[in-house]
Amino acid sequence: QVQLTESGGGLVQAGGSLRLSCVASGLIFSRNTMGWFRQAPGKEREFVAAISWSDSITYYADSVKGRFTISRDNAKNTVYLQMNSLKPEDTAVYYCAATSLVVIVKSRHQYPYWGQGTQVTVSS
């Protein structure tokens, strides 16, 4: 079955950096658009970034544009989220997700496969 496993979360001071990784198995990784979402306590899960499978086009939420970078390594079945200049409001559980759709989608309902999440905490 499909498994997505995130890692790389942790506690960091404001202004710091973290790199999240998500390793996928059980699917043809190179044929899946990959997304990162996050969910803070008491809030809905929100879109952060996505990268298409066909030509590695990327798309970001306005709140992270210029600070976060999504990338993928198809040889390693891994998608990354490099997070720089972190802010306390970036604190959340971060999830990676996969969809076979060719285009980038921001709706969580379009992603059938999800990881278990990794906690990112940014202290002020």
Side-chain angles (χ1 to χ4, degrees):
Q1 73 272 23
V2 176
Q3 278 195 313
L4 303 178
T5 305
E6 303 99 333
S7 62
L11 174 63
V12 64
Q13 288 190 329
S17 299
L18 283 174
R19 187 174 83 152
L20 306 183
S21 300
C22 172
V23 180
S25 63
L27 50 73
I28 302 175
F29 182 79
S30 59
R31 293 294 185 97
N32 273 261
T33 289
M34 301 299 296
W36 284 98
F37 290 75
R38 66 186 181 187
Q39 188 167 17
K43 294 189 176 181
E44 289 198 355
R45 193 169 300 188
E46 65 175 2
F47 172 81
V48 175
I51 184 166
S52 68
W53 65 262
S54 58
D55 45 14
S56 291
I57 290 176
T58 58
Y59 190 82
Y60 298 92
D62 287 343
S63 58
V64 306
K65 203 173 294 183
R67 299 188 297 123
F68 291 10
T69 302
I70 187 171
S71 61
R72 64 190 298 156
D73 184 338
N74 288 342
K76 296 182 178 180
N77 283 8
T78 302
V79 62
Y80 304 97
L81 186 68
Q82 177 67 44
M83 305 186 295
N84 298 329
S85 302
L86 283 161
K87 305 175 181 180
E89 51 263 44
D90 294 318
T91 295
V93 177
Y94 282 71
Y95 299 88
C96 76
T99 177
S100 60
L101 294 175
V102 175
V103 296
I104 287 180
V105 289
K106 299 188 294 180
S107 169
R108 66 183 188 270
H109 304 294
Q110 300 278 20
Y111 290 83
Y113 305 114
W114 292 85
Q116 82 289 348
T118 185
Q119 176 70 46
V120 171
T121 303
V122 184
S123 63
S124 56

Q: Return the CD to CD distance between Q119 and Q39, rounded to the nearest 0.5 Å.
A: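 Separation between the atoms: 11.0 Å.
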Q: Checking one residue: L4. Which other hydrophobic residues are in its cluster under the side-chain 4.5 Å linking rule?
A: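 ILVMFWY cluster around L4 also holds V2, V12, L18, L20, L27, F29, M34, W36, V48, I51, Y60, V64, F68, I70, V79, L81, M83, L86, Y94, Y113, V120, V122.
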Q: To the nearest 0.5 angstrom, please state how far the OG1 atom of T5 sits from the CD atom of Q3.
A: 5.5 Å
Q: Is T118 reaching over with its side chain to a backbone N or O of E6, donor-acceptor style, under 3.5 angstrom?
A: no
Q: According to the interplanar angle, ranging from 0 to 90°, do the rings of Y59 and F47 count as parallel (below 30°), tilted (30 to 60°) or perpendicular (above 60°)?
A: tilted
Q: Which atom pair, heavy atoms only, marks the closest approach of A92 to A40?
A: CB-N, 3.8 Å
Q: Nearest 0.5 Å, what's the OH-CZ distance between Y111 and R45?
A: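 Those atoms lie 13.0 Å apart.
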Q: Would K65 and D62 pass as an ion pair if we require N to O under 4.0 Å?
A: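 Judged by the 4.0 Å cut-off on N to carboxylate O distance, K65 and D62 do form a salt bridge.
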Q: Counting only heavy atoms from other residues, nucleotides and ligands, does the tally under 6.0 Å from NZ of K43 exceed 12?
A: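 Counting other residues, nucleotides and ligands, NZ of K43 stays at 12 neighbours or fewer.
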Q: Name the atoms and distances for all side-chain donor-acceptor pairs under 3.5 Å in residues 95-108, with sequence neighbours left out.
A:
unit_1: T99; atom_1: OG1; unit_2: L101; atom_2: N; d: 3.2
unit_1: T99; atom_1: OG1; unit_2: Q110; atom_2: O; d: 3.0
unit_1: S107; atom_1: OG; unit_2: H109; atom_2: N; d: 3.2

Q: For the side chain of R72 and the backbone of T33, is there at least one donor-acceptor N/O pair under 3.5 Å apart?
A: no
Q: For residues 17-31, which residue pairs qualify under side chain to side chain donor-acceptor pair (under 3.5 Å), counting only residues two or more places apart or in two chains?
A: S17-N84
Q: For side-chain contact (heavy atoms from CB on, under 4.5 Å), just list the numbers for W53 and I28, CA-CA rounded to whole Å, side-chain angles, deciding distance to a tenth of an Å, and then say yes or no.
A: CA-CA 10 Å; W53 65 262; I28 302 175; over 6 Å; no
